[in-house]
Amino acid sequence: MAPWKALPEHLDPQAGRLVDRLRRLKDATGLSFTALATRTSYSRSSWERYLNGRKLPPADAVTELAVLAGADPDRMLALHTLAAQTWTGPQPKDAATPGTSGAGPEPTEPEPEPDPGAAPEAAATAPAPAPAEPDTPAAVPPALIGEPDVPAEPVRARPARRTLLAAGGALVVVAAVLAVVVTLVLPGRGSAGAGEEEHRRTATEEFAFKPDRTYDCDIHRFEGRLYAGHSDTQDALLQQISTTWEVVEAQCLLEHRGYRIGGIDGAYGPATERAVKRLQDKEGLVVDGIMGPHTWEALRR
């Protein structure tokens with residue numbers, strides 16, 4: 001496989017890191033530029049621009065190449081987000097064009113804006129709901145018209161009804177007795193349960209990094225430690241390009257303590273690393289920009 005050309009000198013280190021990782025992924029697939037265009041939604045000329053550092057690739061192109069190479073798309077999207085913040089060249093405007101093999105991507109037509117007057121007109125022409133028919137008394141069978149009233153037979157199902165009512169009352173009494181027993185035998189359990197529930201206010205879904213998405217912080221204290229509602233870790237190792245709920249937790253707590261990072265997005269970028277270094281310097285820790293047990297302990301105080 002032919003060696004890659006040197007990247008343009010004006011590229012920022014984050015942008016160069018993205019392009020270098022994309023080149024490695026292409027090499028891992030063993031595909032040529034023509035074959036890559038056939039297997040993805042972007043043309044050969046587009047891939048040549050992306051992988052030679054002449055143009056920032058779209059996020060969708062990064063995802064498609066990561067999937068082809070069997071890499072983690074979330075980590076590649078995190079690299080793409082960091083590179084986009086400092087990219088000094090042309091920004092991506094290529095639209096995905098499935099099935100292209102050599103031609104450039106075709107422009108996509110903008111979707112027509114909705115007509116402000118269309119909604120009232122549609123509402124005016126929409127059929128009105130049919131009025132509900134009034135309740136009418138059931139028809140009386142002709143055979144009963146004019147016949148004298150016949151006394152009904154005595155109802156014999158009342159004893160069964162009284163039995164059901166008695167059984168229901170007994171269940172209510174048993175439930176009340178059990179509640180009293182639990183209250184007397186397990187005093188103070190209610191307050192402990194509330195604390196445990198508060199402690200469990202952490203994210204339960206699997207983290208998936210999405211560019212331009214930010215997260216809210218639920219700052220609360222449990223057993224003397226601060227939590228932000230996304231992770232209860234005490235020792236997770238985090239450094240640049242980490243993308244996890246633990247990163248969201250650390251970013252929330254850093255912002256809460258006054259170490260500004262710009263946004264809670266779950267990507268451990270340069271701004272998050274600088275904030276961690278300021279915290280480590282203030283707390284007398286090793287200033288390496290890596291979240292570890294000692295830094296977590298200082299952050300949760």
Side-chain angles (χ1 to χ4, degrees), residues 7 9-21 56 59 62 72-89 91 198-301:
L7 293 176
E9 296 181 356
H10 68 272
L11 280 186
D12 180 88
Q14 294 292 349
R17 188 173 183 180
L18 170 66
V19 176
D20 180 67
R21 187 65 62 86
L56 176 65
V62 173
D72 183 5
D74 290 344
R75 292 180 63 85
M76 295 304 301
L77 286 175
L79 280 174
H80 180 272
T81 298
L82 297 176
Q85 297 174 358
T86 57
W87 190 279
T88 57
Q91 295 298 317
E198 183 180 20
H199 179 55
R200 295 193 189 101
R201 285 188 291 177
T202 57
T204 56
E205 63 183 68
E206 183 179 354
F207 183 84
F209 177 78
K210 298 180 180 178
D212 302 327
R213 178 179 177 181
T214 57
Y215 299 89
D216 296 328
C217 302
D218 179 17
I219 303 297
H220 62 282
R221 189 173 289 276
F222 175 77
E223 293 184 351
R225 294 179 181 273
L226 277 178
Y227 294 90
H230 299 285
S231 173
D232 58 0
T233 183
Q234 306 292 336
D235 53 7
L237 292 176
L238 306 176
Q239 54 187 337
Q240 278 218 44
I241 312 306
S242 297
T243 54
T244 61
W245 283 118
E246 285 73 19
V247 176
V248 180
E249 179 81 4
Q251 290 176 332
C252 284
L253 297 180
L254 287 168
E255 284 279 351
H256 177 70
R257 290 190 172 276
Y259 301 96
R260 302 303 176 193
I261 59 176
I264 313 299
D265 58 2
Y268 200 106
T272 303
E273 185 180 67
R274 288 193 296 269
V276 171
K277 287 182 177 180
R278 292 198 300 272
L279 170 69
Q280 291 171 334
D281 182 63
K282 181 179 179 181
E283 297 293 334
L285 302 173
V286 176
V287 182
D288 57 5
I290 299 176
M291 286 291 301
H294 298 295
T295 308
W296 277 112
E297 182 179 358
L299 192 58
R300 291 199 185 277
R301 291 175 185 165

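Count residues from 1 along the sequence.
Within the structure, no pair that satisfies the disulfide (SG to SG under 2.5 Å) test touches residues 265-301, not counting sequence neighbours. Counting only residues at least two apart or in different chains, disulfide (SG to SG under 2.5 Å) contacts with residues 270-301 are absent. Sorted by first and then second residue, the disulfide (SG to SG under 2.5 Å) pairs with a member in residues 245-301 read C217-C252; sequence neighbours excluded. Counting only residues at least two apart or on different chains, no disulfide (SG to SG under 2.5 Å) pair has a member in residues 270-301.
Every side-chain contact (heavy atoms from CB on, under 4.5 Å) that T81 has, sequence neighbours left out, goes to Q85, F209, P211. Residues passing the side-chain hydrogen bond (donor to acceptor under 3.5 Å, both in side chains) test with E283 are R301, sequence neighbours excluded. With sequence neighbours left out, R213 forms a side-chain hydrogen bond (donor to acceptor under 3.5 Å, both in side chains) with no residue at all. D72 is linked by a side-chain hydrogen bond (donor to acceptor under 3.5 Å, both in side chains) to nothing, counting only residues two or more places apart in sequence or in another chain. Under the side-chain hydrogen bond (donor to acceptor under 3.5 Å, both in side chains) criterion, R278 pairs with no residue, sequence neighbours left out. Evaluation of the salt bridge (charged side-chain N to carboxylate O under 4.0 Å, His left out) rule for R260 yields E255 as partners, not counting sequence neighbours. Applying the side-chain contact (heavy atoms from CB on, under 4.5 Å) test to D20 and every residue at least two apart in sequence or in another chain returns R24. The side-chain contact (heavy atoms from CB on, under 4.5 Å) test applied to Q280 returns V276, K277, L285, V287, D288, T295, not counting sequence neighbours.
Using a 4.5 Å cut-off on side-chain heavy atoms (C-beta onward), R300 and L253 make contact. Annotation: side chain of K282 is in contact with side chain of Y259 (closest heavy-atom distance under 4.5 Å). Side-chain contact check for I219 versus L226: some heavy-atom pair is nearer than 4.5 Å. Under the 4.5 Å side-chain criterion, counting only non-hydrogen atoms from C-beta, E246 is not in contact with Y268. Contact of the L82 side chain with the R17 side chain is not registered, since no non-hydrogen atoms from C-beta on lie closer than 4.5 Å.
Pairing each heavy atom of L237 with each of G292, the nearest pair is CD2-CA, 3.8 Å. Closest non-hydrogen pair, D235 versus T233, comes out as N-OG1, 3.3 Å.
Taking the six-membered ring where tryptophan is involved, the planes of W245 and H230 are essentially parallel, since the angle between them stays under 30° and well short of 60°.
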